[in-house]
Amino acid sequence: MISIDALCKDYGSGPVVRDVSLAVPEGAFLVLLGPSGCGKSTMLRMLAGLEQPSGGTIRFGDTLVADGARLSLPAEKRGAGLVFQSYALWPHMTVAGNVDWPLKVAGMAASERGKRVSEALEMMGIGDLAGRYTAEISGGQQQRVALARMIAPRPRVMLFDEPLSNLDAALRVEMRHELARLHAETGATSVYVTHDQVEAVTLASHVAVLNRGRIEQFSPPMELLDHPASAFVARFVGTPAANLIPVRAGAWFGRLPDPALAGRSGEALVRAENLEIATAPLRDRACVKAQRLEVIPMAGRLLVTGQVDDSLRLTASVPRDAKLPESFCFVLPQHIPTIFPQGDR
Ligand SMILES: Nc1ncnc2c1ncn2[C@@H]1O[C@H](COP(=O)(O)OP(=O)(O)OP(=O)(O)O)[C@@H](O)[C@H]1O
């Protein structure tokens, strides 16, 4: 439904989106995931028609909506609705007035508008707030109004730019469920920008992980966890983040030879659950000494982070009753790990 081909953006001081191509079917929930500054908002703004690409094309279905510097259809001609991090509501209008306004501007008849406004407010569970001013309602309610305003024109593409980042943790979980429901009920295709991997894996049907304007990996969310395509993805996705341990010529840290490393060099992906700890080195296993930094109870286990050397911290997931002296050893896994090329960040 959305297809992006060789999309580029340069604001004048170097490329911020570089040669991005991807396609998702009708009804998909695409999440653009990446750290601050990786270009995800710029991508979304190009999808919305708020920013002109420097090169490449965007299609919604069969419609070419952007083509390099030659063409960029405005948002209302794309059938796209947008919700920002700041809700951008009009404080001097009521809740119903806010939802009605874009319909009015689009020239819709008053009777149809009334129907659409009620439908959108009901869908967001805020029908009883219709007559209130937006300054008189809570942040979570304002977010619902912003969503109602977006869905009232029945867009075929819904675009979200970090819509939950202004909400507290509990409300964020509640609104995440609401967004999933909204997406399912409207049947629209959604594109959602976030740096929060939990939002990405819970909402998405497809995730594009962006790093410095390029796609690092484009896949279903579970695939990011099961088969990260690069050390960058492995570091960015997963709780706790995976450990990436330097190996050289088949030796952990270049000094602990291990046949499981098959003579290779690079960064070995070792998940917290595959790292054990011991109070002293074990004779028959590769071990590395560490100083205890932090212990976090999580889901019935302990996440133990230790400092191995100046630049490396590792995290292991261990049973709750594990012994944890100040100084201990991480026991490295015996299976063959995934090894990424060195410097692949
Ligand atoms: N209007 C603009 N003019 C010039 N540079 C811009 C403009 N908008 C964004 N940039 C730059 O483009 C790069 C990507 O910004 P963008 O907002 O797309 O990233 P992001 O991944 O959404 O980051 P964040 O999560 O912090 O919003 C940044 O280096 C930013 O400074």
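When a ligand or atom number is given, it counts from 1 through the structure's own listing order. Owing to the predicted nature of the structure, the values given are computational and were not obtained by experimental measurement.
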A.B. asks: What's the shortest distance from atom 23 (O) of ligand 1 to any protein heavy atom, and which residue and atom give it?
C.D. replies: G37 N, 2.8 Å

A.B. asks: Can a side-chain donor-acceptor contact be found between S72 and R78 if the only test is distance below 3.5 angstrom?
C.D. replies: yes

A.B. asks: Looking only at protein heavy atoms, which one is nearest to atom 18 (O) of ligand 1, and what is the separation?
C.D. replies: T42 OG1, 2.5 Å

A.B. asks: Counting only heavy atoms closer than 4.0 Å, does ligand 1 sit against the backbone of S13, its side chain, both, or neither?
C.D. replies: neither

A.B. asks: Looking only at heavy atoms, is any part of E162 under 4.0 Å from ligand 1, and if so is it the side chain, the backbone, or both, or is it neither?
C.D. replies: side chain

A.B. asks: For the residue pair H206 and F218, does the interplanar ring angle fall in the parallel (under 30°), tilted (30 to 60°) or perpendicular (over 60°) class?
C.D. replies: parallel

A.B. asks: Under 4.0 Å between a side-chain nitrogen and a carboxylate oxygen: does that hold for E178 and R144?
C.D. replies: yes

A.B. asks: Between F232 and F236, what is the ring plane arrangement, given parallel below 30°, perpendicular above 60°, and tilted in between?
C.D. replies: parallel

A.B. asks: Counting non-hydrogen protein atoms only, what is the nearest one to atom 10 (N) of ligand 1? Give residue, atom name and distance.
C.D. replies: Y11 CE1, 3.3 Å

A.B. asks: Is there at least one protein heavy-atom neighbour under 4.0 Å from atom 31 (O) of ligand 1?
C.D. replies: no

A.B. asks: Starting from atom 19 (O) of ligand 1, locate the nearest protein heavy atom and write down its residue, its atom name and how far away it is, to 0.1 Å.
C.D. replies: G39 N, 3.3 Å

A.B. asks: How far is atom 22 (O) of ligand 1 from the closest protein heavy atom, and which atom is that?
C.D. replies: S41 OG, 2.7 Å

A.B. asks: Tell me whether K115 is salt-bridged to E119, with the criterion being a basic N under 4.0 Å from an acidic carboxylate O.
C.D. replies: no

A.B. asks: What protein heavy atom is closest to atom 26 (O) of ligand 1, reported as residue, atom name and distance in Å?
C.D. replies: S36 OG, 2.6 Å

A.B. asks: Would you kindly check if the NZ (Lys) or CZ (Arg) of R149 is within the cone defined by 45 degrees around the ring axis of W90 and under 6.0 Å from the six-membered ring centre?
C.D. replies: yes

